[in-house]
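First listed ligand is number 1; within each ligand, the first listed atom is number 1. Starting from 1, each residue takes its place in the sequence as its number.
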Amino acid sequence: MIIMSHFSSALQYWLVNHPIIFHFSWTQGQTLGSSPVFLTLTVLSYLFLTFLLSHLPLPPIRPGLLKSVTAVHNLVLLVFSLIMALGCSVSTLSYAPHLLWVICLPPKTPPNGPLFFWAYMFYLSKILEFVDTLLIIVSNSTRRLTFLHVYHHAAVVIMCYIWLQTSQSMFPLVLVTNASVHVLMYAYYLCCALGVRPRWKRLLTECQIAQFLSSFVVLGMMLYYHFTGSGCSGVWGWCFNTVFYSSLLALFLDFHAKNYANSKRE
Ligand SMILES: CC(C)(COP(=O)(O)OP(=O)(O)OC[C@H]1O[C@@H](n2cnc3c(N)ncnc32)[C@H](O)[C@@H]1OP(=O)(O)O)[C@@H](O)C(=O)NCCC(=O)NCCSC(=O)CC(=O)O
């Protein structure tokens with residue numbers, strides 16, 4: 001019992017009440033990565049480098065080295081996704097005055113405090129995910145350098161920036177869902193890098209599709225509360241999220257149809 005209570009106080013401190021987390025504030029132009037110029041340059045550099053590197057003859061990398069780098073990258077993102085899912089959940093449980101708050105933040109909510117700290121970590125993690133693309137390119141696996149992959153990696157950074165800039169309602173739910181799915185996804189990629197092909201690839205894709213479908217329920221709820229109450233923060237972000245998630249749903253349904261049409265359910 002005492003151990004449990006120590007564990008929960010430690011969790012509360014390291015995920016919510018640590019001064020860096022508690023006093024976090026997203027201030028445009030001051031917080032690292034918060035300017036529109038940074039966002040534009042980051043996304044354009046990603047697209048430009050992806051195009052350039054995928055068309056250049058790159059020197060071969062020792063397979064052993066590539067496997068190790070890939071494994072470490074996946075392990076880092078697996079652990080980071082787990083921490084973000086936990087951190088955002090514990091912050092929500094600590095600060096949400098009621099359940100609806102996570103779906104509809106009051107208008108003019110300032111992007112400060114633990115919840116926005118985890119949104120910021122999520123934003124930075126999406127830039128770290130650019131390494132996925134580099135790994136695909138250096139492993140010469142052009143089959144996997146798809147429109148879905150590049151579009152997702154570029155647009156998701158813009159989505160996170162909008163979350164922070166507009167204090168986007170319902171981001172905590174989307175963040176926890178996506179970070180949890182990414183724990184599974186990076187566990188899958190980690191196994192692949194270690195030479196084990198998990199039998200649950202199809203189930204993973206279906207979890208990803210389920211996350212997009214469930215986000216429409218939350219998007220619908222936010223719109224309902226926005227128009228029937230005193231408004232929700234981040235309605236422009238709502239529009240971006242809806243278009244982005246609809247396009248991802250269509251691309252993932254297409255991926256599912258192409259990859260599993262002839263396979264039996266594991
Ligand atoms: C099961 C999936 C997660 C992945 O499908 P794939 O067809 O890409 O999977 P695969 O079986 O070919 O992948 C195994 C290969 O990936 C290599 N690999 C290992 N780590 C990797 C990494 N971090 N990024 C990219 N590739 C990586 C392995 O070494 C292995 O190479 P080798 O074969 O040479 O041994 C799927 O559901 C999916 O997401 N498909 C879309 C493709 C994609 O880019 N997804 C991630 C971004 S979208 C996203 O993230 C949505 C979301 O938010 O949920």
Do the rings of [X] and [Y] sit parallel, tilted or perpendicular, given the 30° and 60° boundaries?
X    : Y    : value
Y123 : W26  : perpendicular
Y46  : H153 : parallel
Y151 : F147 : parallel

Does H256 come within less than 4.0 angstrom of ligand 1, counting non-hydrogen atoms of the residue?
no
Which residue and atom name correspond to the protein heavy atom nearest [atom], and how close is it?
atom                    : value
atom 11 (O) of ligand 1 : Y188 OH, 2.6 Å
atom 20 (N) of ligand 1 : N74 ND2, 2.9 Å
atom 51 (C) of ligand 1 : H152 NE2, 3.6 Å
atom 5 (O) of ligand 1  : F255 CZ, 3.5 Å
atom 52 (C) of ligand 1 : H182 NE2, 3.2 Å
atom 39 (O) of ligand 1 : Q208 NE2, 3.1 Å
atom 28 (C) of ligand 1 : C192 CB, 3.8 Å
atom 24 (N) of ligand 1 : D132 CB, 3.5 Å

So which bit of I136 gets within less than 4.0 Å of ligand 1, heavy atoms only: side chain, backbone, both or neither?
side chain
I'd like to check which ligand 1 atoms, numbered from 1 as shown, lie under 4.0 Å from a non-hydrogen atom of [X].
X    : answer
H73  : 23 (N)
L204 : 1 (C), 3 (C)
T70  : 19 (C), 20 (N)

So is there a nitrogen or oxygen of [X] less than 3.5 Å from a nitrogen or oxygen in ligand 1?
X    : answer
H149 : yes
Q211 : yes
N178 : yes
H153 : no

Rounded to the nearest 0.5 Å, how far apart are CG of L66 and CD1 of I61?
5.5 Å
Could you measure the distance from the CD atom of Q28 to the CD atom of Q165? Nearest 0.5 Å is fine.
4.0 Å
Beyond-backbone contact of [X] with [Y], side-chain heavy atoms, under 4.5 angstrom:
X    : Y    : result
L164 : F116 : yes
L128 : V76  : yes
L115 : Y95  : no
H149 : D132 : yes

Taking [atom] as the point of reference, which of [options] owns the nearest heavy atom?
atom                    : options                : value
atom 12 (O) of ligand 1 : R197, R144, E129       : R144
atom 21 (C) of ligand 1 : Y189, F252, Y186       : Y189
atom 46 (C) of ligand 1 : R202, M185, E206       : M185
atom 6 (P) of ligand 1  : K258, K201, K126, R143 : K201

Tell me whether V181 shares a hydrophobic cluster with Y245, the cluster being built from Ile, Leu, Val, Met, Phe, Trp, Tyr side chains joined at under 4.5 Å.
no
Is the OH atom of Y13 crowded by more than 12 outside heavy atoms at less than 6.0 Å?
yes
Side-chain donor-acceptor contact under 3.5 Å, S81 with Y186:
no
In terms of heavy-atom contacts, L184 and L204 come closest through CB-CD1, 3.9 Å
